[in-house]
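A quick write-up on the structure given underneath.
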Amino acid sequence: MKKELEKIYNPQVVENKIYQKWEESGAFNPDNLTGEPYSIVMPPPNVTGVLHLGHALENSLMDSMIRFQRLRGKKTLLIPGTDHAAVATQAKVEKILVEKGQAQNPREELGREKLLDEIREFAENSKATILKQIRRMGTSCDWSRLAYTFDDDRSQAVNQVFEKMYNDNLIYRGFKVINWSVKGQSTCSDDELVYIERPAKLYTFKYSKDFPITIATTRPETKLGDTAVAVNPHDPRYQKFIGQIFTAQVGAAKPLEIKIIADEHVDPNFGTGALGVTPAHSAVDFEIFERQKAKNDPIEMIEVIGRDGKMTAQAGPDYQGLGVSQARQKFVHWLKDQNLLEKEEDIIQSVGTSDRFGDVVEALPMVQWFVDVNKKIPHKNKSLKELMREAVSVGHNQDESQKININPKRFEKVYFNWIDDLHDWCISRQIWWGHQIPVWYRDQEIYCGSTAPKGEGWQQDGDTLDTWFSSGLWTFSTLGWPQKSQDLEIFYPTSWIQMGYEILFFWMARMILMSTYTLDTIPFRDVYIHGMLRDEKGQKFSKSLGNSLDPLEIIDKYGCDALRLSLLSGVSPGNDSKFYEEKVESARNFINKLWNISRFVIQTTEKQTPQPSNNLTFADNWIIVELKNLTKETTDHLEKFQFSQAIERLREFTWNEFADWYLEVSKFEDNKPEKDWILKNCLKNLLQLWHPFIPFVTEHIWQQLEEETDLISEKWPETDVSEPTKEAEQLVFNLIKEIIVSIRNLRAENKIDPTKKIKVIFDLKNQTEYFGQDGAKIISDHENLIKKLRTGVSEIEIVSDFKEIKNTVSQTVSGINILIPLEGLLDSEKEKIKIQKEIENLEKYAEGLRKRLANENFTQKAPEKVISQQKESLEKTVADLESLKDNLKKL
RNA sequence: GGGUGAUUAGCUCAGUUGGUUAGAGCACUUCUCUUACAAAGAAGGGGUCAGUGGUUCGAGUCCACUAUCACCCACCA
């Protein structure tokens with residue numbers, strides 16, 4: 001009984017059902033699998049909203065990899081999860097509350113608990129949406145191990161690591177100038193700044209008429225808090241002033257006492273060569289302040305900007321309460337009035353803004369929590385920085401098997417550069433949505449622990465931790481740490497991870513830091529860096545540009561497989577790629593092609609087909625050999641994470657070899673069981689190879705083949721080609737294949753008279769190196785097949801004698817002439833033109849070859865294999881040319 | 001200021017140890033409704049691989065410089 005499939009593949013109907021079936025079968029859960037462990041943790045999407053195309057790309061990558069490994073018989077684990085995304089989520093919810101008019105200032109009006117409730121509700125909603133979306137993308141992750149950076153288990157891990165670092169003195173509470181977002185009323189780490197360029201003015205001025213040095217600044221209003229002028233100690237212009245103190249009345253609460261100090265870091269050639277030092281409102285100046293303290297020559301610090309972004313009382317009565325830009329105008333005005341302003345230049349300035357709140361950050365001095373990256377870890381004689389570098393350069397603990405490979409490799413350099421100028425990491429935030437810092441205070445006492453110590457009056461630190469602190473633990477917190485879990489033992493370090501280059505520092509670096517420090521092992525072995533998706537104009541997808549695409553809409557329209565295929569094709573690691581709908585269309589068309597191939601196979605083959613005997617035709621052998629090669633190459637590509645190339649190869653085979661050639665050839669064969677077996681098995685192998693990329697359609701077709709298993713749990717086809725086909729045989733196969741195609745084409749073009757007998761002649765005499773003595777035999781073995789092809793000729797005769805050239809016209813196949821008697825052809829004029837053209841081409845080619853062979857350098861230095869190949873080529877070409885010219889004369 | 005990447009067909013891009021005449025998808029031209037598929041099939045056009053120089057018997061591939069674009073980093077007062 002033969003089965004019919006629907007004419008068009010309809011992904012909408014099957015995808016959800018298949019996913020449910022997979023999930024229920026337990027195929028996603030490694031506890032049901034055996035074999036070598038293979039684990040991937042999913043970069044947890046932020047619960048700030050729904051998933052976008054970038055997530056679709058990530059899911060496609062991860063899922064293809066995990067499915068590939070699962071098919072290869074590994075005990076595979078892909079852990080799903082989400083990230084509470086501290087600042088990002090709170091910022092988002094506050095914005096929504098304000099926009100909806102529910103609050104003007106959410107923190108003040110709602111208070112900590114109520115606002116947290118709002119955020120929690122929002123987060124839970126997006127989380128639910130996100131998890132649904134991940135399912136729609138077909139991601140085969142183990143839902144029983146679902147994690148969240150803010151759930152109890154993960155919080156436990158956070159507290160544990162904090163305590164460990166605290167006890168190792170790697171976490172400290174310090175007074176420093178930090179980045180402050182006025183809008184968000186919180187700190188940001190250096191990495192959370194987004195630098196934007198904007199026009200600004202550079203003012204050159206003196207503090208007072210009798211002040212001996214002019215200085216330049218883009219922030220005049222901060223000059224109300226200046227306490228020193230730093231100059232280079234070797235600068236002859238200013239040396240004489242070093243150590244002097246000048247007083248200037250600029251309108252601040254107290255007259256400024258400016259000390260002239262020497263600092264090596266001042267570039268004498270930059271600007272006026274003198275730097276006005278504002279210790280409270282510049283990270284650089286703060287460092288000078290610290291250095292002076294170390295030199296026992298301290299300078300003062302005056303805070304003139306407050307946490308509200310307004311000028312403080314210390315800025316003086318004229319300025320107090322003004323915003324910084326107002327204060328700036330006023331101060332510049334004053335300078336002009338006093339005739340102290342020397343110059344005003346337009347420049348382009350790069351300023352840091354908060355990536356989440358969007359405002360220009362202020363530098364303010366504050367007490368915050370920091371991770372010390374330079375201090376030696378107890379009993380290690382290494383700093384966190386050194387740990388981070390070692391894991392990627394020579395391997396953790398100098399152990400080569402503990403080396404992280406970043407792909408593409410160039411990102412290793414980027415990573416090292418980043419580490420080189422890494423500062424201590426500010427981890428405390430003044431927002432509420434996040435892990436509260438596990439530190440307790442009572443009067444002067446401090447206690448670090450997840451719960452309050454015994455006794456009355458202990459108050460927990462109100463700040464929360466940077467979200468990357470918890471994401472940094474993700475690779476092991478998801479596996480059960482700090483418990484001594486079995487998962488940790490089996491699956492750690494994880495095998496592979498993928499991420500975009502934009503979170504290399506945020507996330508990858510911190511995971512490496514946390515894992516090498518906490519578990520004394522690397523978090524993952526291979527890192528695959530993917531590029532960013534852009535729209536067809538090359539712009540980033542973003543809400544503000546209005547060009548963002550909803551992956552679910554695309555899935556609804558074209559199917560999940562089409563989306564996945566389009567995202568993975570034509571891309572190379574680390575490089576951005578453009579996304580547009582035509583790409584998905586093309587992928588959809590391919591999937592439909594695969595569907596139709598399957599329809600054909602299912603329709604034309606018998607259900608029970610025996611294993612073939614040795615009654616195989618050339619075409620059968622050919623396709624089997626090619627399939628083996630394909631399997632090998634696909635496997636190689638995937639092992640090297642070359643997704644795009646694997647797909648390209650698969651597509652080429654499926655469409656050009658299998659559909660356009662073998663299927664066509666098979667139509668003209670008798671309905672014999674061997675053919676059915678090959679068709680079915682080729683299809684099955686193809687489905688297996690395609691499954692990592694397009695899981696739904698392959699699984700659906702698999703089910704239609706009435707297999708008893710699910711494709712997801714199948715085994716990857718054998719990659720070791722047990723009896724490698726002899727090269728000679730392959731070449732003959734190739735040749736015959738092309739002959740068949742040529743003859744069919746000739747017939748299709750009505751160039752062959754169907755009533756005439758046709759001879760196929762080709763020269764085997766000079767081809768012994770390629771075909772061996774058996775060449776002729778192999779060909780005659782397959783003569784039957786050729787005869788059976790619907791060539792429209794009554795009979796084909798294969799002759800291997802080149803003398804039969806007379807009265808023949810040639811077709812070039814693989815550089816070897818196939819000669820077909822002229823009387824068998826029609827439309828000779830057309831042929832003439834064709835032959836002339838061919839002659840031109842061949843002459844050009846032969847000329848190139850001759851030139852190369854005439855070159856002594858070439859003949860002396862090139863490998864013999866190459867030389868003989870080229871000689872061979874030339875001989876063939878010359879022979880072909882002659883026969884072609886002969887033929888042309890005859891016409 | 002430092003660093004990285006890109007420049008290949010009209011468009012979007014592959015091309016991982018340098019090796020015969022540089023590939024794919026889309027678009028284009030011509031033909032074909034041949035019962036798996038018109039979301040198809042057949043045939044075809046289109047590229048001095050950004051430029052210059054170098055290494056090599058041989059360079060899209062390696063090196064140097066130049067141009068254009070993009071991105072990242074930085075304590076640009």
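Just so we're on the same page: letters track the sequence lines, and every chain starts at 1.
One finds no salt bridge joining A:Arg564 and A:Asp561 here, because no Lys/Arg side-chain nitrogen approaches an Asp/Glu carboxylate oxygen to under 4.0 Å. With respect to A:Glu264 and A:Arg291, no salt bridge is recorded, no charged nitrogen being found less than 4.0 Å from a carboxylate O.
No hydrogens or angles were tested; on distance alone, a donor-acceptor pair under 3.5 Å links the side chain of A:Gln645 to the base of B:U16.
Comparing atom distances between the A:Ser586 side chain and each of B:C26, B:G41, B:U16 picks out B:C26 as nearest. Distance from the side chain of A:Lys578 is smallest to B:C13 among B:A40, B:G25, B:C13.
Look at CG on A:Asn596: it is 10 Å from P on B:A36, rounded to the nearest Å.
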Sequence-aligned protein contact record of nucleotides 72-77 of chain B, with B where the base is within under 4.0 Å of a protein heavy atom and S where only the sugar-phosphate is: -S-BBB
Name each donor-acceptor pair under 3.5 Å that joins a side chain in residues 569-580 of chain A to protein atoms two or more places apart or in another chain, with its distance.
{"unit_1": "A:Ser569", "atom_1": "OG", "unit_2": "A:Leu565", "atom_2": "O", "d": "2.4"}
{"unit_1": "A:Ser572", "atom_1": "OG", "unit_2": "A:Asn575", "atom_2": "ND2", "d": "3.1"}
{"unit_1": "A:Asn575", "atom_1": "OD1", "unit_2": "A:Arg410", "atom_2": "NH2", "d": "2.9"}
{"unit_1": "A:Asp576", "atom_1": "OD1", "unit_2": "A:Tyr501", "atom_2": "OH", "d": "2.8"}
{"unit_1": "A:Asp576", "atom_1": "OD1", "unit_2": "A:Met532", "atom_2": "N", "d": "2.8"}
{"unit_1": "A:Asp576", "atom_1": "OD2", "unit_2": "A:Tyr501", "atom_2": "OH", "d": "3.2"}
{"unit_1": "A:Asp576", "atom_1": "OD2", "unit_2": "A:Arg534", "atom_2": "NE", "d": "2.8"}
{"unit_1": "A:Asp576", "atom_1": "OD2", "unit_2": "A:Arg534", "atom_2": "NH2", "d": "3.0"}

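Looking at heavy-atom distances under 4.0 Å, A:Lys640 makes no contact with the nucleic acid at all. Residue contacts for A:Ala230: at a heavy-atom cut-off of 4.0 Å it reaches no nucleic acid atom on any strand shown.
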Canonical and wobble pairing (Watson-Crick, G-U, under 3.5 Å) of RNA chain B, dot-bracket with |: (((((((..((((.....[...)))).(((((.......))))).....(((((..]....))))))))))))....
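In this structure, A:Trp690 has its ring center under 6.0 Å from that of A:Phe590.
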